[in-house]
Amino acid sequence: MAVPPPAPPPRSPAHLGRRAPRARCSWGMEEKAAASAGCRAPPGPPRAGAVPCFGISVDQDDILPGALRLIRELRPHWKTEQVRTKRFTDGITNKLVACYVEEDMQDCVLVRVYGERTELLVDRENEVRNFQLLRAHGCAPKLYCTFQNGLCYEYMRGMALEPEHIREPRLFRLIALEMAKIHTIHTNGSLPRPTLWHKMHNYFTLVKNEINPSLSADVPKVEVLEQELAWLKEHLSQLDSPVVFCHNDLLCKNIIYDSAKGHVRFIDYEYAGYNYQAFDIGNHFNEFAGVSEVDYCLYPAQETQQQWLRYYLQAQKGRAVTPREVERLYVQVNKFALASHFFWALWALIQDQFSTIDFDFLRYAVIRFNQYFKVKPQVSALEMPK
């Protein structure tokens, strides 16, 4: 398939994830939003270029008035009556609107409003730190401001990808190179522990304590989930996958292809943070199947995976790599893809309970759990090369 041609502003911004689905270094709970006029600066090292924080709350069900208040702060030279808006509807965690005055959407400001109760899933302060970190390394757009229940940032020109695009070799090479670049980012001298198990434990605890009584019969019992979580941790922790700075949510719509510049960029950093290298890649491979209409027949075949992994490893190591190195990463990635299924299934159960967005989260959870149990026997039997 040919590389997709240049496109007008993408149908999906590049900015509402699913998972917006679907973190970050601390995987903790979000601090309560600042009261009226100001927000507390996140802990940790000072950020390069402080980001303004406005004491504005935007109504999820009526975004435009709040969005225009923010625009008056960010673009005071714009005449309110000339501001155009465009709503994006692909995201299933947050709500997003673009504000601009030029027909070609130059200097467009994206206003993202956090979904209901997503503080249970995402550490918002950590998201801001990761946004700025990735921006400093040339991997993210400009972050203009935060507000009480969202943030505003630069529109990234290009096309938000679909599953058919990420299967195209010319494009998946670019994706592999960009992921390798992000995986080399270090925020301090020592690498923290991977966030996967802590985050998954938090999700499972929410499901067990708050959602369990209302679980559908199509969802495995909590006792089964607890056993599987223990098995995953024991099995995957032995694989020696390196801990690197990960995106952790690389679905198709979070990848923007700029045909004019010949590169891709990743968006939505809600789940970014230190994690297992193989999880980030395995999670991306699972996204070949799509989100709204999931089809795991599209999961990349071994040959495709190995070509993708060779591009990635060569970019990471700066040299040619051996078949054994590729095979080793292949085994790790497919095993960690199991954890990806489990993670997002738990995530979807929580969203089903709290989200106001029109998406069948319960169905999505069941699909991910079913795929987990379907592929577990063959994946767990894979052996690392000698």
Under the ring-ring contact (aromatic ring centres under 6.0 Å, His included) test, which residues partner [X], sequence neighbours left out?
X      : answer
Phe288 : His284, Phe285
Phe204 : none
His235 : Trp231

Kindly write out the residues that satisfy side-chain contact (heavy atoms from CB on, under 4.5 Å) with [X], not counting sequence neighbours, or none if the list is empty.
X      : answer
Phe354 : Arg117, Leu120, Glu210, Ile350
Ala345 : Arg368, Phe369
Asp61  : Asp59, Lys95
Arg310 : Gln314, Val321, Val326

Quick check on the hydrophobic clustering: are [X] and [Y] connected, directly or via other members, by side-chain heavy-atom contacts under 4.5 Å?
X      : Y      : value
Val294 : Trp344 : yes
Val222 : Leu362 : yes
Met179 : Tyr274 : yes
Leu134 : Leu177 : no
Met200 : Val122 : yes

Taking the inter-plane angle between the rings of Tyr269 and Phe131 on a 0 to 90° scale, is it parallel (under 30°), tilted (30 to 60°) or perpendicular (over 60°)?
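If you compare the ring of Tyr269 with that of Phe131, the planes turn out perpendicular.
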Hey, what's the ring geometry for Phe361 with Trp347, parallel, tilted or perpendicular (30° and 60° as the breaks)?
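Phe361 vs Trp347 ring planes: perpendicular.
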Residue pairs, two or more places apart or on separate chains, that pass salt bridge (Lys or Arg N to Asp or Glu O under 4.0 Å) and touch residues 337-366:
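Pairs touching residues 337-366 that pass the test: none.
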With sequence neighbours excluded, give me every salt bridge (Lys or Arg N to Asp or Glu O under 4.0 Å) pair touching residues 68-79.
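The answer is Arg75-Asp107.
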Atom of Cys99, atom of Val111 and distance for their closest heavy-atom approach
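Between these two residues, the closest heavy atoms are SG-CG2, 4.3 Å.
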Minimum heavy-atom separation for Gly115 to Asn94, with atom names?
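Taking every non-hydrogen atom into account, N-OD1, 3.3 Å.
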Side-chain heavy atoms of [X] within contact of [Y], under 4.5 Å:
X      : Y      : answer
Phe172 : Pro169 : yes
Arg265 : Asp258 : no
Thr356 : Gln60  : yes
Tyr155 : Gln106 : no
Leu151 : Tyr144 : no
His198 : Arg193 : no
Ile255 : Leu250 : yes
Gln277 : Gln316 : yes

Hey, mind stepping through Gln351 and Leu121 against side-chain contact (heavy atoms from CB on, under 4.5 Å) and telling me if it holds?
CA-CA 9 Å; Gln351 288 281 58; Leu121 301 164; 3.6 Å; yes
Can any side-chain N or O of [X] pair as donor or acceptor with the backbone N or O of [Y] at less than 3.5 Å?
X      : Y      : answer
Glu168 : Arg170 : yes
Asn283 : Phe279 : no
Arg124 : Thr118 : no
Arg84  : Tyr100 : no
Asn286 : Ala337 : yes
Ser241 : Tyr276 : no
Asn149 : Ser57  : no
His247 : Asp249 : yes
Ser237 : Lys233 : yes
Asp280 : Asn248 : yes

Counterpart residues, salt bridge (Lys or Arg N to Asp or Glu O under 4.0 Å), relative to Arg173 (two or more places apart):
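Testing Arg173 for salt bridge (Lys or Arg N to Asp or Glu O under 4.0 Å), a comparison that skips the adjacent residues, returns none.
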So Leu171 and Ile166, side-chain contact (heavy atoms from CB on, under 4.5 Å) or not? Walk me through it.
CA-CA 6 Å; Leu171 280 181; Ile166 65 174; over 6 Å; no
Validation row, ring centre Phe342 to ring centre Tyr372 under 6.0 Å:
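Close enough - the centres of the two rings lie under 6.0 Å apart.
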Asp268 vs Arg112, salt bridge (charged side-chain N to carboxylate O under 4.0 Å, His left out): CA-CA, chis, key distance, verdict:
CA-CA 10 Å; Asp268 286 353; Arg112 190 174 80 191; 2.9 Å; yes
Qualifying residue, where the test is side-chain contact (heavy atoms from CB on, under 4.5 Å) with Phe336 and the options are Leu232, Asn275, Leu239:
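Of all the options given, the one that passes is Leu239.
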Go through Asn334 and Gln302 one step at a time and tell me if the side-chain hydrogen bond (donor to acceptor under 3.5 Å, both in side chains) criterion holds.
CA-CA 10 Å; Asn334 283 274; Gln302 182 173 352; over 6 Å; no
Output all residues satisfying side-chain hydrogen bond (donor to acceptor under 3.5 Å, both in side chains) with Gln332, sequence neighbours left out; order by chain, then residue number.
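Gln332 satisfies side-chain hydrogen bond (donor to acceptor under 3.5 Å, both in side chains) with no other residue.
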Apply the test side-chain contact (heavy atoms from CB on, under 4.5 Å) to residues Leu161 and Ile175: give CA-CA distance (whole Å), side-chain angles for both, the deciding distance (0.1 Å), then the verdict.
CA-CA 11 Å; Leu161 299 186; Ile175 295 167; 4.2 Å; yes
Atom NZ of residue position Lys181 - does it have more than 12 heavy atoms of other residues, nucleotides or ligands inside 6.0 Å?
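Yes, enclosed.
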Pairs of donor and acceptor atoms involving the side chains of residues 378-386, under 3.5 Å and at least two apart or interchain, shall be tabulated with distances.
from	atom 1	to	atom 2	distance (Å)
Ser380	OG	Lys376	O	2.7
Ser380	OG	Pro377	O	3.1

SB check Arg319 Glu325 (cutoff 4.0 Å)
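Yes, this pair counts.
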So Trp308 and Ile281, side-chain contact (heavy atoms from CB on, under 4.5 Å) or not? Walk me through it.
CA-CA 10 Å; Trp308 195 106; Ile281 302 173; 3.7 Å; yes
Between the side chains of Tyr312 and His183, does any donor sit under 3.5 Å from an acceptor?
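A pair is found: one side chain offers a donor N or O, the other an acceptor, under 3.5 Å apart.
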